[in-house]
Amino acid sequence: MTQSICPCRKTSDQKLAYAECCQPFIEGKAPAPTAEALMRSRYSAFAVGAIPYLAQTVAPESRHDMDMDSLERWSKESEWLGLDIVETEGGQPGDGLGIVEFNAHFKREGTEESHLERSSFRFDQKDKCWYFVDGGKPKGKTVVNTQKVGRNDPCPCGSGKKYKKCHGVAA
């Protein structure tokens, strides 16, 4: 596997080998330097079946509720197609916290799927490494309507009423 392309697909234009990308982190030869690097290596761990690494990189206080059998089953029963990083906040060397929003692509039972998540990470000063803390669904983006609405235009809320009879009513 050392010459194959890394499962995390770190860059689309330069295909890094697994040995040059995530393998050193998964094998414990080096700590992931950023929250994004840890996220990428955790995705790659699913792809190569390195389930113990997933447990090692979860914050110690969160390890008690991990279902290792389920993680191993998901890892083995899926074909891992790549990882897209949507957004990162913090998580750089010197930061204490980081957020990584990602979309993990995989195929299971012949169906292509994706898992969109916004994960939080914490750098532990004592252990000198990043830990995955938790993850959840990303919040939707706020959309601001900059278009002027006339009194007789349909209300932008979708009610079907004229703006003046819906949200245009003066308080």
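The structure displayed is predicted, hence computed values, not measured ones.
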Checklist entry - Got a sec, which pairs hit salt bridge (Lys or Arg N to Asp or Glu O under 4.0 Å) with one end in residues 52-71, sequence neighbours left out? => result Glu61-Arg122

Item to check | CD on Glu101 to CG on Leu116, rounded to 0.5 Å | outcome: 5.5 Å

Item to check | Distance-minimising heavy-atom pair for Asn103 and Ser114 | outcome: OD1-CB, 3.1 Å

Checklist entry - Sequence neighbours excluded, which residues qualify as side-chain contact (heavy atoms from CB on, under 4.5 Å) partners of Gln125? => result Phe123, Lys128

Next on the checklist: Test of understanding: with side-chain hydrogen bond (donor to acceptor under 3.5 Å, both in side chains), list the residues that count as partners of Lys76, not counting sequence neighbours.
Outcome noted: Glu72

Item to check | salt bridge (Lys or Arg N to Asp or Glu O under 4.0 Å) involving Arg108 - partner list, sequence neighbours excluded | outcome: Glu77

Checklist entry - Got a sec, which residues hit salt bridge (Lys or Arg N to Asp or Glu O under 4.0 Å) with Glu112, two or more places apart in sequence or on another chain? => result none

Checklist entry - Roughly how far, to the nearest 0.5 Å, is OG of Ser70 from CD1 of Ile51? => result 9.5 Å

Checklist entry - Do the non-hydrogen side-chain atoms of Ile99 and Thr88 ever get within less than 4.5 Å of each other? => result no

Checklist entry - Are the side chain of Ser62 and the backbone of Val58 linked by a donor-acceptor contact shorter than 3.5 Å? => result no

Item to check | Sub-4.5 Å side-chain heavy-atom contact between Ser120 and Leu97 | outcome: no

Next on the checklist: Pro154: which residues meet the side-chain contact (heavy atoms from CB on, under 4.5 Å) condition with it, sequence neighbours left out?
Outcome noted: none

Checklist entry - Can Val133 be reached from Met66 by stepping across I, L, V, M, F, W or Y side chains whose heavy atoms are under 4.5 Å apart? => result no

Checklist entry - Are His115 and Glu117 linked by a side-chain donor-acceptor pair shorter than 3.5 Å? => result yes

Checklist entry - Any idea which heavy atoms bring Ile26 and Ser41 closest together, and the distance? => result CD1-O, 3.5 Å

Next on the checklist: Could you report the tightest heavy-atom contact between Ser75 and Ala45, atom names first, then the distance?
Outcome noted: OG-O, 4.5 Å

Item to check | Spatial distance of atom NZ (Lys165) from atom OG (Ser159) [nearest 0.5 Å] | outcome: 12.5 Å

Next on the checklist: If I take atom SG from residue Cys22 and atom CE from residue Met39, how far apart are they, to the nearest 0.5 angstrom?
Outcome noted: 9.5 Å

Checklist entry - Who pairs with Lys29 by salt bridge (Lys or Arg N to Asp or Glu O under 4.0 Å), at least two apart in sequence or on another chain? => result Glu27

Checklist entry - Strictly by modelled atom types, are Tyr18 and Ser44 linked by a side-chain donor-acceptor pair under 3.5 Å? => result no

Item to check | Inter-residue atom distance Tyr43.OH - Ile85.CD1, 0.5 Å rounding | outcome: 10.5 Å

Checklist entry - Between Phe106 and Trp80, how do the two ring planes meet: parallel, tilted or perpendicular, split at 30° and 60°? => result tilted

Checklist entry - Got a sec, which residues hit side-chain contact (heavy atoms from CB on, under 4.5 Å) with Asp95, two or more places apart in sequence or on another chain? => result Gln92, Trp130

Item to check | Asp153 and Lys162, any side-chain heavy atoms less than 4.5 Å apart | outcome: no

Item to check | Heavy-atom check, side chain of Leu16 versus side chain of Ile5, under 4.5 Å | outcome: no

Checklist outcome for this item: Applying ring pair (Phe, Tyr, Trp, His ring centres under 6.0 Å) to Phe121 and not counting sequence neighbours gives Phe132

Checklist outcome for this item: Closest heavy-atom pair, Arg9 versus Leu81, reported as atoms and distance to 0.1 Å, is NH1-O, 3.2 Å

Checklist entry - How far apart are the closest heavy atoms of Lys161 and Cys166, and which atoms are they? => result CB-CB, 4.1 Å

Checklist outcome for this item: Asp124 meets the salt bridge (Lys or Arg N to Asp or Glu O under 4.0 Å) criterion, sequence neighbours left out, with none

Checklist outcome for this item: Contacts of Phe102 meeting ring pair (Phe, Tyr, Trp, His ring centres under 6.0 Å) (sequence neighbours excluded), chain-then-number -> none

Item to check | Spacing of Leu83 atom CG and Arg40 atom CZ [to the nearest 0.5 Å] | outcome: 5.5 Å

Checklist entry - How far apart are the closest heavy atoms of Ala37 and Phe25, and which atoms are they? => result CB-CE1, 4.2 Å

Item to check | Residues forming a side-chain hydrogen bond (donor to acceptor under 3.5 Å, both in side chains) with Glu89, sequence neighbours excluded | outcome: Arg118

